[in-house]
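Both ligands and their constituent atoms are indexed starting at 1 by order of listing. All residue numbers refer to positions in the sequence shown, counting from 1.
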Amino acid sequence: MRVRFAHLADLHLGYEQYHSPERYRDFFQTFRRAVSDILKEQVDFVLIAGDLFHQRVISPLTLILAQRELQRLKEAGIPVVGVMGNHEQPHYRQDHSWLDFLSAQGLLILLRPYYQDEKLVLQPYQDGAGGYVDLEDVRIYGTGYHGAAAPRVFADLSARLEELHAERRPPFTILLAHAEVEGMLVRGAGTRISLTHYQLAPLRPHIDYLALGHVHKPAQQDGWLFNPGSLEPNNFDESQHPGGVFFVEVEIGRPHTIRSEHRRYARRPFIRRRLDVTPFQTPEELYDALRRQLQADAEQFPMPPVVEFSLDGLLHFPSSALQMDMVAELIRQRYQPLVSQIHLRAAPAEYVVNAPAEHLSRAEMEQQVMRELLQRDGRFQGSAEQWAGIFRELKERVLERQSADEIIRQLRLSASSLLDEGMAEEDVHHAG
Ligand SMILES: [Mn+2]
């Protein structure tokens, strides 16, 4: 016997990412594309492994739009089986979530075993509740998100399946769950709560297809564990490994044959760019290099992208001299982004002021420190000694209680003689 199904997870409907109404719509549009594809494939059922919604509390519009897609599947006679993700779980002591509402509307078979007297109860789905459902020869068990309690719940589940299957083992079994298993994330695997393969091992004789959600990066292990990933990236890192839908075809027999295809859908581009600012001595040099880099970037986008631009390396002038709105404008002109995030990650050039020699007078010491500070700034490097002299002179005039007008007049004189030597006038305005 042959069975075909679609497995998805982490739709995060209702997420208004970057406070962008377009991003809110993106999440629905990608889901809609997936549903249209599922309808075309005429699968026998659909699995949603948690986080259909981004939040526990959703807006009426989010509910309406989600219902509309589930309704299309219902009208095609395709049952949708789901479990609850961590994002949509009701608060402790609240019994019902919006998934329960969908279940009551007959749009979703929501699976959720429960504990009674310390024992995990697995009952067939009926009147909107239950731990498993039989769809022809396929039995689907389901459990939501359990966080740190997951190892215990999975152990109890294995024990219950052992008992249940001793009586009768259904021809093909699926476990739908919202959980992370070790090895699904390349980095950080040790820092997050994840089930180990050792903890999952007792399930293997009882489950033919482990349908997971929760980790937004797609994964597949041993032709047994499947995690489709999120259809839309919830952050920039996720955009690097796009999620999709698993289309699965099973030939039920001994042994079973499972063929799976991970299908992705067109979605808004997320692009990452960077500029190393280390070579530049002035903001103008940096702007020019940025203009050249943006012009050289030939990539075209089918719709306004989300852009992350970082300035990194070593900054040879104070970050206050850098006009970030100018940088943002250049980036906006090139990419016409939906959202842009610009990060100034460049570190100020490291610098240690040398301990002044002991024989120096206080004034000489001050001038040395000032000169070395100025040398750190690319704009003043060539004339640091002269500028340090001007600062020293300025301080003396203040101590002599000269009038402000006189001080400014002298400062203009000294500065202009230095500027004539080649400093760009603009730089002084910025420095001021
Ligand atoms: Mn999620």
Side-chain angles (χ1 to χ4, degrees), residues 6-18 20 23-35 46-59 62-63 65-66 69-70 80-91 97-100 102 108 110-112 142-150 153-154 175-189 191-195 210-221 225-246 262 264-265 267-268 270 306:
H7 166 200
L8 47 167
D10 298 282
L11 288 317
H12 286 263
L13 302 178
Y15 186 17
E16 197 177 41
Q17 195 178 29
Y18 309 119
S20 158
R23 283 299 293 152
Y24 174 88
R25 280 198 293 274
D26 284 350
F27 281 75
F28 284 100
Q29 271 168 13
T30 312
F31 181 43
R32 190 170 175 80
R33 268 180 217 118
V35 170
V46 172
L47 305 174
I48 299 181
D51 283 357
L52 173 66
F53 294 120
H54 183 63
Q55 282 161 313
R56 186 169 55 237
V57 178
I58 56 172
S59 72
T62 298
L63 182 63
L65 294 175
E69 297 310 315
L70 295 173
V80 180
V81 186
V83 292
M84 203 174 286
N86 52 314
H87 278 260
E88 56 212 353
Q89 260 175 347
H91 269 309
S97 74
W98 284 106
L99 296 187
D100 290 293
L102 294 175
L108 179 72
L110 178 63
L111 298 178
R112 184 169 38 179
T143 186
Y145 180 73
H146 301 287
V153 174
F154 274 67
L175 173 61
L176 189 56
H178 198 73
E180 180 189 325
V181 174
E182 63 180 350
M184 287 171 68
L185 287 163
V186 179
R187 279 187 300 173
T191 61
R192 293 180 60 171
I193 301 158
S194 56
L195 286 160
L210 180 58
L212 293 181
H214 187 45
V215 171
H216 289 187
K217 179 183 175 183
Q220 195 178 335
Q221 295 176 358
L225 176 160
F226 296 83
N227 185 80
S230 56
L231 281 188
E232 278 288 337
N234 280 229
N235 58 49
F236 241 98
D237 285 331
E238 289 179 20
S239 69
Q240 310 298 303
H241 25 73
V245 175
F246 275 116
H262 188 252
R264 292 165 181 171
Y265 299 94
R267 55 186 206 179
R268 186 181 300 279
F270 274 55
V306 175

Validation row: Y15, S230 side chains within 4.5 angstrom (heavy atoms): no

Heavy-atom side-chain proximity of L13 to L65 below 4.5 angstrom: no

Atoms (protein N, O or S; no water) under 2.8 Å from the Mn ion (ligand 1): 4

Distance, nearest 0.5 Å, that separates CG of L231 from CG of L11: 5.5 Å

Shortest non-hydrogen contact from E88 toward F53: OE1-N, 2.8 Å

Plane angle bin for F226 and F246 - parallel if under 30°, tilted between 30 and 60°, otherwise perpendicular: perpendicular

Positive for side-chain contact (heavy atoms from CB on, under 4.5 Å) with V181, one of N227, L212, V215: L212

